[in-house]
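What follows is a short report on a single structure.
In what follows, every chain begins at residue 1, and chains take the letters A, B, ... in the order their sequences are listed. We use all heavy atoms of the structure for the numbers below, so side chains are in, but hydrogens, waters and symmetry mates are not.
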Amino acid sequence: MRNTLYIPLQPWPTLGVVAVLALLPLAAATLGQPFYVVFATRVLIYALIATSLNLLIGYGGMVSFGHAAFVGAGAYTVAMLMPAGVASAWLLWPAALLAGAGFAFLVGAVSLRTRGVYFIMITLAFAQMAYYLVLSLRVLGSDDGLTLGNRPSLGLVDLNRDTTFYYAALAVLLAALAGMRALLNAPLGRALHGIRDNETRMEAIGFATYRLKLLVFVIAGAAAGLGGGLLVSLNGLVGPNLLNWTQSGVLMIMVILGGAGRLLGGALGAVLLLVVEEAIAEHTIHWPLVIGVVLLAVVLFAPQGLSGLMRRRA
Amino acid sequence: MTMLSVRGLHKHFGGVLAVDDVGLELAEGELHAVIGPNGAGKTTLVHLLSGALKPDAGVIVLDGRDVTRLAMHRRVRLGLARSYQITSVFPHFTVLENLALAVQGATGHDDRDRARAELGAVGLGARADDLAGALAHGERRRLELGLALSTGAPLLLLDEPMAGMGPEETARIVDLLSALKRKRTILLVEHDMDAVFRLADRITTLVDGRVIASGTPDEIRRHPEVRRAYLGEDGPR
Ligand SMILES: Nc1ncnc2c1ncn2[C@@H]1O[C@H](COP(=O)(O)OP(=O)(O)O)[C@@H](O)[C@H]1O
Ligand SMILES: [Mg+2]
């Protein structure tokens, strides 16, 4: 039987990409550019966050314009817990994940009662409320943000070593992608496709669409929260701008660039945007304009993003 | 045994009373047709019974249980499914995947064998692996019907399943519905009077949202008000 929605595992390309990513710190060291390991780690974390947004936009048809809020929830959770004496990443990162999930539950429970433009606006409104809340709260550092002394500890491995942190982030991203593929191939994934295709009919054949969407919204919020926790652990600092609406916009641009509704769309978009930014930001202050032009080109000529282009070649 | 019992159903849109004090009784295994001119409120009635719309007043009892305020998906789980006058399928799913989705929605289980059985019932076996979006009109109408069937619901509300079909396709649907009779309880909204009078055990006539007559096909055929308002003096005898 034909199975149009099944996402196959392509073992050789997957192994190839994983191998390249695994060897990347070695290459950076050989080239004498250890700075790139931290940069690459940041890309991996944004790949995780953009992937979680792709689950909402690309697969669930939920165009959330407030995803940065969940990233912020995770990041500030870690930034609050560490000074309070929690040092283990085994506690901090799950806490970040739960914070993202919890906040997404609240936002989703209200926003998912609406559709279309209203949904976009209400998720944006929630996120901006969170942004102004953080800005105004002294305990959260107001507009200075919070600074951490050390990175969290992760059992025997030392996250203060950039290479170790890189591998930890890589492991999290790969686990998230594998989990997302499993979810999409499961009955829940088919239901999500169905909701994107024809939500009213889904209800008419017995699906509790609101509950299903809320579940997926919470899963995406959890992954974004974890991403926020990883980011603050990596950088040792967090500021309110992480929650600002422009950040939500950047995440959306990543998803569109990489390919909404493609398993690797979010990850590819994060890589593309951050690498382009890194490459041209030192040459011109007009790099956002360049990104804008690229985005326009993608929307006009490659509506399925980078992953769509790559598939057409294949 | 009474499968569906409706009393005092009202629904208005602005100033329009689309459904005005409608009552209905469907016995188990009965095929009950609802006829009436365009704008009579037939589709609105189906929306109310299925839960797509909430009534302004009235009670809907399914199998002895008041479902008036229940969400659409809960009613499906209780055994009431509907089809749409305007085809509403999943264009990016294959035909078989469409039906499997309906099985999954109504039962919670992914049961391809059951989906395949319904595929045969609506005569789309040859199109199993084609995308629903690529089907011809008649095939899409049969898939529309197949989605409702695949829920396994004992009570089906079918909103003009023959809409826009040629005589051959219509004959196919009539055969299909004849085969379904007695196995499921069916409320059939339909404009094709030959089909209605061949299939129906009872007929309710709606005009301007009101029931003007309800009875056996013979009673409806002879009903003077129905003839005047809908069938016309030279309607089926
Ligand atoms: N969503 C709506 N908003 C406003 N008026 C509606 C709506 N749906 C139906 N109506 C009106 O209600 C009446 C009944 O419509 P409908 O139930 O579609 O009739 P039928 O299916 O018998 O042709 C019509 O006058 C129609 O214009
Ligand atoms: Mg109608």
With distance as the sole test, does A/N198 use its side chain to make a donor-acceptor pair with the main-chain N or O of B/F90 at under 3.5 Å? no
Where on B/V89 is there a heavy atom nearer than 4.5 Å to chain A: the side chain, the backbone, both, or neither? backbone
Rounding to 0.5 Å, atoms CG (B/L147) and CD1 (A/I205) come to a distance of 6.0 Å
B/H191, NE2 atom: more than 12 neighbouring heavy atoms under 6.0 Å: yes
Which atom pair, heavy atoms only, marks the closest approach of A/G206 to B/R77? O-NE, 3.5 Å
For chain A, the option from B/P91, B/G108, B/S88, B/A100 that forms the most heavy-atom pairs under 4.5 Å: B/S88
Scanning both residues in full, the closest heavy-atom pair of B/Q104 with A/P187 reads NE2-O, 3.1 Å
Roughly how far apart are A/L5 CG and B/T94 OG1, rounded to 0.5 Å? 8.0 Å
Counting heavy-atom pairs under 4.5 Å with chain A, which one of B/L101, B/D110, B/T151 comes out on top? B/L101
Residues 55-74 of chain B: residues contacting chain A (heavy atom under 4.5 Å, by number): B/M72, B/H73
What distance separates A/D197 CG from B/E97 CD, expressed to the nearest 0.5 Å? 10.5 Å
Among A/H193, A/M202, A/R201, A/R196, which has the most heavy-atom pairs under 4.5 Å with chain B? A/R201
Please check if atom CD1 in B/I86 has more than 12 non-hydrogen atoms from other residues, nucleotides or ligands closer than 6.0 Å. no
Sort B/A128 into side chain, backbone, both or neither according to what part of it lies under 4.5 angstrom from a heavy atom of chain A. neither
Could you check whether atom CZ of B/R182 has more than 12 heavy atoms from other residues, nucleotides or ligands sitting under 6.0 Å from it? yes
CZ (A/F119) with more than 12 external heavy atoms under 6.0 Å: yes
Over all heavy atoms of both residues, which pair between B/F93 and A/G194 is shortest? Give the atoms and the distance, please. CZ-N, 3.4 Å
